[in-house]
**Q** 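Right, I'll just put the structure down here and ask away after.
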Number of protein chains: 2
Amino acid sequence: MSDQNHELRKAGLKVTLPRVKILQILEESHKRHLSAEDVYKALLESGDDVGLATVYRVLTQFEQAGLVERHNFDGGHSVFELDSGEHHDHLVCMETGKVIEFQNGEIEALQEEIAEKLGYELVDHSLVLYGKPKS
Amino acid sequence: MSDQNHELRKAGLKVTLPRVKILQILEESHKRHLSAEDVYKALLESGDDVGLATVYRVLTQFEQAGLVERHNFDGGHSVFELDSGEHHDHLVCMETGKVIEFQNGEIEALQEEIAEKLGYELVDHSLVLYGKPKS
DNA sequence: TCACTAATTGCTATTGATTCTCATGGTATA
DNA sequence: TATACCATGAGAATCAATAGCAATTAGTGA
């Protein structure tokens with residue numbers, strides 16, 4: 001039983017060709033953040049005939065299963081990244097679109113405090129920095 | 001010269017009926033965050049005949065002029081709020097959709113530090129907390 | 001291994017938000 | 001007030017994403 005199959009089963013998803021292929025693409029891509037369209041194109045290039053609707057469906061299932069995270073940088077369309085297990089936030093370069101990941105425990109803690117103070121239980125958060133490279 | 005006219009001129013925008021009306025709606029709404037559709041409906045209700053395309057155009061112009069800020073909570077459609085001059089971030093209630101504003105200087109400072117450390121000049125950021133109300 | 005049932009897929013049509021086109025009408029300036 | 005340019009309205013067009021539906025396929029038990 002391959003790696004992907006195991007991951008899918010663990011996530012409670014039937015092992016189907018489209019799901020295995022999509023998971024492979026996410027794992028093997030040199031890009032960390034892929035749009036549904038990116039995944040679709042990669043499938044076509046590798047000769048796999050998977051419908052775009054299926055790509056969207058599978059990515060959403062992966063998200064719900066906790067296999068991937070969905071981000072919406074700058075209000076644009078969704079991009080997906082494999083859940084690395086390590087929480088992190090993102091800095092987006094305004095010139096190249098490059099995405100850099102970072103972690104900061106202090107900010108995380110402060111967020112908890114703020115939600116707490118406002119009477120809420122913090123379930124999720126989204127922090128994206130937008131910056132220009134220094135000369 | 002009314003308040004709105006002055007604001008529009010200051011922003012380098014011609015004073016036109018749609019722009020004045022839309023600015024009024026933003027100022028007078030009890031909601032802080034309005035979608036283009038919200039503004040459009042408010043215009044219709046007050047008997048003003050402004051096209052939806054114009055609403056989108058004007059809101060975008062206001063954004064570029066720094067009169068309003070655009071937010072994309074949760075990847076959904078855009079909402080706009082008058083720029084209060086005071087920077088703040090948002091906590092979105094996952095049950096009611098209510099949006100609470102907060103400020104935190106420490107987090108702001110940490111963000112600057114992080115961008116700096118990564119070799120970027122911080123231009124903008126987006127921080128949204130998602131929470132559930134505590135019983 | 002074979003058949004069965006429910007889940008999954010592919011294709012296409014459709015939605016919803018936003019933008020574009022372009023002819024018409026309005027605004028600031030001389 | 002005439003002029004030149006900007007802004008508007010209406011609807012078509014676009015884009016990402018989703019829904020509907022008939023045809024396939026995976027996982028199960030015999």
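Naming: A, B, ... by sequence-line order, numbering from 1 per chain. Owing to the predicted nature of the structure, the values given are computational and were not obtained by experimental measurement. Side chains are part of it too, since the values below use all heavy atoms of this structure and drop only hydrogens, waters and symmetry mates.
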**Q** Between atom CD in Gln64(B) and atom P in dA7(D), what is the gap in whole Å?
**A**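 It is 12 Å, rounded to the nearest whole Å.
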
**Q** Which letters describe nucleotides 17-30 of chain D, given B = protein heavy atom under 4.0 Å from base, S = only from sugar-phosphate, - = neither?
**A** BBBB-----BS---

**Q** Regarding Arg57(B) and Thr60(B), is there a side-chain donor-to-acceptor distance under 3.5 Å anywhere?
**A**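 Checked: Arg57(B)/Thr60(B) side chains show no N/O donor-acceptor pair below 3.5 Å.
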
**Q** For the CD atom of Glu106(B) and the CD1 atom of Ile114(A), what is their distance to the nearest 0.5 Å?
**A**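 Going from the CD atom of Glu106(B) to the CD1 atom of Ile114(A) covers 8.5 Å.
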
**Q** Roughly how far apart are Leu122(A) CG and Lys134(B) NZ, rounded to 0.5 Å?
**A**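 So the CG of Leu122(A) and the NZ of Lys134(B) are separated by 10.0 Å.
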
**Q** Evaluate the ring planes of His90(A) and His33(A), with Trp represented by its six-membered ring, and classify them as parallel (under 30°), tilted (30 to 60°) or perpendicular (over 60°).
**A**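 Taking His33(A) first and then His90(A), their aromatic rings stand perpendicular (interplane angle over 60°).
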
**Q** Would you please say whether a donor-acceptor pair under 3.5 Å links the side chains of Glu37(A) and His77(A)?
**A**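 No - no donor-acceptor pair under 3.5 Å links their side chains.
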
**Q** Of all of residues 39-50 of chain A, which get a heavy atom below 4.0 angstrom from DNA chain C, listed by number?
**A**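 Correct list: Asp49(A), Val50(A).
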
**Q** CD of Glu28(A): more than 12 outside heavy atoms within 6.0 angstrom?
**A**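 Above 12, so yes.
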
**Q** Roughly what angle, to 10°, lies between the helix axis at the start of the helix from dT1(C)-dA30(D) to dA30(C)-dT1(D) and the one at its end, five pairs per end?
**A**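 The angle, to the nearest 10 degrees, is 40°.
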
**Q** Of all heavy-atom pairs between Pro133(B) and Tyr120(A), which one has the smallest distance, and what is that distance?
**A**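 Of all heavy-atom pairs spanning Pro133(B) and Tyr120(A), the closest is N-CD2, 3.4 Å.
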
**Q** Taking atom types as modelled, is there a side-chain donor on Glu81(B) or His71(B) under 3.5 Å from an acceptor on the other?
**A**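 Yes, side-chain donor-acceptor contact under 3.5 Å.
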
**Q** For the pair made of CZ in Phe73(A) and C1' in dA16(D), what is the distance, rounded to whole Å?
**A**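 These atoms are roughly 17 Å apart.
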
**Q** Side-chain donor-acceptor pair under 3.5 Å between His88(B) and Glu69(B), yes or no?
**A**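 Glu69(B) and His88(B) do not have a side-chain donor-acceptor pair below 3.5 Å.
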
**Q** What's the CD-C1' distance between Gln61(B) and dT19(C), to the nearest Å?
**A**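 Rounding to the nearest Å, CD of Gln61(B) and C1' of dT19(C) are 13 Å apart.
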
**Q** If we ignore hydrogens and angles and just use 3.5 Å, is the side chain of Arg19(B) paired with the main-chain N or O of Lys14(B) as donor and acceptor?
**A**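 Side chain of Arg19(B) to backbone of Lys14(B): a pair is present.
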
